[in-house]
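Lettering of chains follows the sequences in order, A, B, ..., and the numbering in each one begins at 1. Side chains are part of it too, since the values below use all heavy atoms of this structure and drop only hydrogens, waters and symmetry mates. In this text, all values refer to a predicted model and were calculated from it rather than measured experimentally.
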Amino acid sequence: MNNYLEDLNKDQRKAVLQLEGPSMVIAGAGSGKTRVLTYKIIHLLNNGINPQHILALTFTNKASKEMKERVERIVGGGKSKSLWMGTFHSVFSRILRSESEKIHFPYNFTIYDSSDSKSLLKSIIKELNLDKEIYKLGVIQNRISSLKNNFITPEGYKNHAELINTDLKAKRSEFGRIYFMYQQRCFRSGAMDFDDILIYTYKLLTESPETLFKYQTLFKYTLVDEYQDTNNIQYLIIKKLVAINENICVVGDDAQSIYSFRGANIQNILNFKVDYPNYKLYKLEQNYRSTQNIVKAANSIIKHNEKQIEKDVWTNNIDGEKIIVCETSSDNDEGRLVSNTIFDLQKNYNYKDFAILYRTNAQSRSLEESLRKLNIPYKIYGGLSFYQRKEIKDIISYFRLSINTNDDEALKRNINYPSRGIGTTTIQKLIIAANEKKVPIWQILNTLEENPIKINSGTKIKLENYINLIKTFISETKDKNAYESSEYIIKKSGIYTHLKSDNTPEGISRFENIQELLSGIRDFTDNNANVSLSEFMKDISLLTDADNEKEEDYNKVTLMTIHASKGLEFPYVFVVGMEEGLFPSMMSVNSQSELEEERRLFYVAITRAEKRLFLSYAKIRFKWGQYIDSDSSRFISEINENYIINKDFNKKKYKELNYNKIRKKPKLKFQQDNNPINNINLNLTEGQIVKHKIFGTGKILQLDGFGDNQKATVIFENIGQKKLLLKFAKLQIVK
DNA sequence: TCTTCATAGTTTTTT
DNA sequence: ACTATGAAGA
């Protein structure tokens, strides 16, 4: 504990020791950026600073969780719990909740995730009778988000001739109206989208000087991680918050700025010296993570960018092996190459030492398939987070509505799920009435008598039943703890029986997810028996896949997008799909600045590797239902060739010797029982006789899908034909 | 009103 | 290949 400063090198220590005043740490990849941040917090605490006076903003929940744990390990005493540490969104939503009345929101405001926003936009576009070919959902959503990130409100838009002109040219004359309605509807529903959290924070700090002063004096020390990926509003918020004491330390690396599509602005790094002319600059240039070959290759790549801060990243580590670049004939071959290599190497290492990184989520499919064939356990980040799955969102919508009855999106989602005979016509009538009166749908439901809505008596009874159901949920969430009330809601809403009666493979899987949700809530209440459901719900929309890591996933190969890999490191890294049009992405090759961002993304990818790096590309890739020819990425030819070796996977050596041999006799020692992928029996064929625990003996008629989704249609002796998801069915082969 | 079947569009990255 | 949507039938 006393010697913690000795864990740091000279530059790191200098950065940590400066507690007062503005400072910026420009940290090359693998140079101990997180370590500096963590130790700076520790040093502050050691100098008697109260943890409540420290604001530390991170890029992901995971990063903040890990940093808290490291602080706790060294400082102890539960101090890390009192730190204001988290992502921008989580810290500011916490502040917004406690100041909610000042911005005229309920304390329990809902956070709309992007699918909620989409659904709201969709209904607005429909209500306005607009052509959805012209008003494309995704485009509208992105445009609204980028306006918000530039702090342009619907009112601001109205006065912005240039923006209006752009929309007129794109024949979207009604865009301003959509934006206005969207914002109004969110407000009426007591809901904020991701961007609103930042907007309202800024608004709060601007419009209420005493609130601003309160937080300016509360946060005596402010630290910001991944500063290169902050956007305009984040920049403005920080600037306001630190204006009194100017004890601000930002840490970042311009070479790793990869989120400009989301409004991140590298200029924030360059502006720092303008805003705080007396700032101190620290550069961390020694890389501790990677071999010489990897560090030098990364430097040779990033040199191709024009826009960058002078920096010379170096390492004392060994030269290591050269980077392997491999051409494969197809995406499936690429999958095989990677799986084979991992299969060979893991004899000496653990599965968790390997990561496979790709540009787009869609690329995971062929990789998963080949990993599964070799029984290599893997975990996959990205795509849908647990809380985004349909069945989970369905349940959560009841939770949301019970906590905030103004939440129209939640109401629309569950008013007829499970089906209770309230059809689209009725719902449409309710929505129209709500819009006419400018109130949430729930209020219309509660005043049916006073409203001239034409509904027949049968429907009315159904609606009344629904209202009463929700009312019991409301009182339940008030009186009981999170676990008790959530269990009550799941049962009484009818979802429990509805899913339980669904014996299709998908239905079984959904049912299991519900139970996982319940057990998650139970864990939550185990720590605090009196905690309410609304506490549990607070941050759910802000959670991502990475925040849901399970114990049994510890020792598995990691698959993720390069974006998701930021801040992580692995001994062995495979960057796949190094093809023109894929990486760099087709969308970015026409603009210099976007191409440079792709290059930074590649820089991030290769600097994740500690020991060895493998790059691969496929000559033919299956895309949009057809095969596409592609060339190797320009980024490969930009690497200084001293650090790479070209290999050709098409050579017989790889293909015959490794893959086929392994395929013929899969090794059994890697099969663990708790690993779902092993419940898939690789040797099933059509026509086989199998045995099921409950259904008895039967014959396989048909096999569909792959891996987790592999299904068998089986005709059982006693109960007839069933479709089973092999992941759960655990069939035994009789013959 | 609900279910089923056919068709169209989709893939860049995400708090 | 996979999901979301819409039309047609029950």
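Applying the side-chain hydrogen bond (donor to acceptor under 3.5 Å, both in side chains) rule to Arg621(A) yields the partners Glu334(A), Glu579(A); only residues at least two apart in sequence or on another chain are considered. Judged as a side chain to side chain contact (heavy atoms under 4.5 Å, CB included), and not counting sequence neighbours, the contacts of Asn231(A) are Asn149(A), Leu198(A), Ile233(A), Gln234(A). For Ser114(A), there are no side-chain hydrogen bond (donor to acceptor under 3.5 Å, both in side chains) partners, not counting sequence neighbours. Residues meeting the side-chain hydrogen bond (donor to acceptor under 3.5 Å, both in side chains) test with Ser90(A), sequence neighbours left out: Thr87(A). By the side-chain hydrogen bond (donor to acceptor under 3.5 Å, both in side chains) test, Glu580(A) pairs with Arg634(A), sequence neighbours left out.
The aromatic rings of Phe602(A) and Phe635(A) lie parallel to each other, their planes meeting at an angle below 30°, with 60° marking the opposite boundary.
Summarising the geometry, the separation between NZ on Lys62(A) and P on dT15(B) is reported as 12 Å, rounded to the nearest angstrom. Taking atom CG of Asn416(A) as the reference point, atom C1' of dT3(B) lies 13 Å away to the nearest angstrom. In this structure, the CG atom of Asp193(A) is 18 Å from the P atom of dT14(B), given to the nearest Å. Nucleotide dT3(C) holds its P atom 15 Å from the NZ atom of Lys118(A), rounded to whole Å. One interatomic measurement links the two molecules: OH of Tyr627(A) to P of dA1(C), which rounds to 9 Å at whole-angstrom precision.
Look at Phe261(A) and the base of dT13(B); the rings stack, centres closer than 5.5 Å and planes less than 30° apart.
Of the candidates dT12(B), dT10(B), dT11(B), dT10(B) carries the atom nearest the Lys136(A) side chain, counting heavy atoms from C-beta on. Of all nucleotides listed (dT12(B), dT1(B), dT15(B)), dT15(B) comes nearest to the side chain of His89(A). For Asn361(A), whose side chain is taken as the heavy atoms from C-beta onward, the closest listed nucleotide among dT14(B), dT10(B), dT12(B) is dT14(B). In this structure, the nucleotide among dC2(C), dT12(B), dT10(B) sitting nearest to the side chain of Arg365(A) is dC2(C). The side chain of Thr425(A) sits closest to dT1(B) out of dT1(B), dT12(B), dT14(B). Taking every side-chain heavy atom of His563(A) into account, dT13(B) is the closest of dT13(B), dT15(B), dT10(B). The side chain of Arg359(A) approaches dT13(B) more closely than any other nucleotide in the set dT10(B), dT15(B), dT13(B). Of the candidates dA4(C), dT10(B), dT12(B), dT12(B) carries the atom nearest the Glu594(A) side chain, counting heavy atoms from C-beta on. In this structure, of dT14(B), dT15(B), dT12(B), it is dT15(B) that holds the atom nearest to the side chain of Thr87(A).
Of the two residues near DNA chain B, Met586(A) and Phe194(A), the one whose nearest nucleotide lies more 5' is Met586(A). Between Thr426(A) and Met587(A), the residue whose closest nucleotide on DNA chain B is further toward the 5' end is Thr426(A).
Between dT12(B) and Asn142(A), no contact under 4.0 Å exists linking OP1 or OP2 to a side-chain N or O. Between Ser565(A) and dT13(B) there is no side-chain polar atom (N or O) within less than 4.0 angstrom of OP1 or OP2. OP1 or OP2 of dT14(B) lies within a sub-4.0 Å distance of a side-chain N or O belonging to Thr561(A). Listed pair Asn149(A) / dT15(B) fails the phosphate criterion, with no side-chain N or O lying under 4.0 Å from OP1 or OP2.
With Met560(A) as the partner, the side chain to side chain contact (heavy atoms under 4.5 Å, CB included) test is satisfied by one option alone out of Asn361(A), Ile380(A), Leu568(A): Leu568(A).
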Within the sub-3.5 Å range, which N or O atoms of nucleotides 6-10 of chain C have a protein N or O partner, and how far apart are they?
unit_1	atom_1	unit_2	atom_2	d
dG6(C)	OP1	Lys132(A)	NZ	2.8

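Here the side chain of Arg599(A) pairs no donor or acceptor atom with the backbone of Leu595(A) at under 3.5 angstrom.
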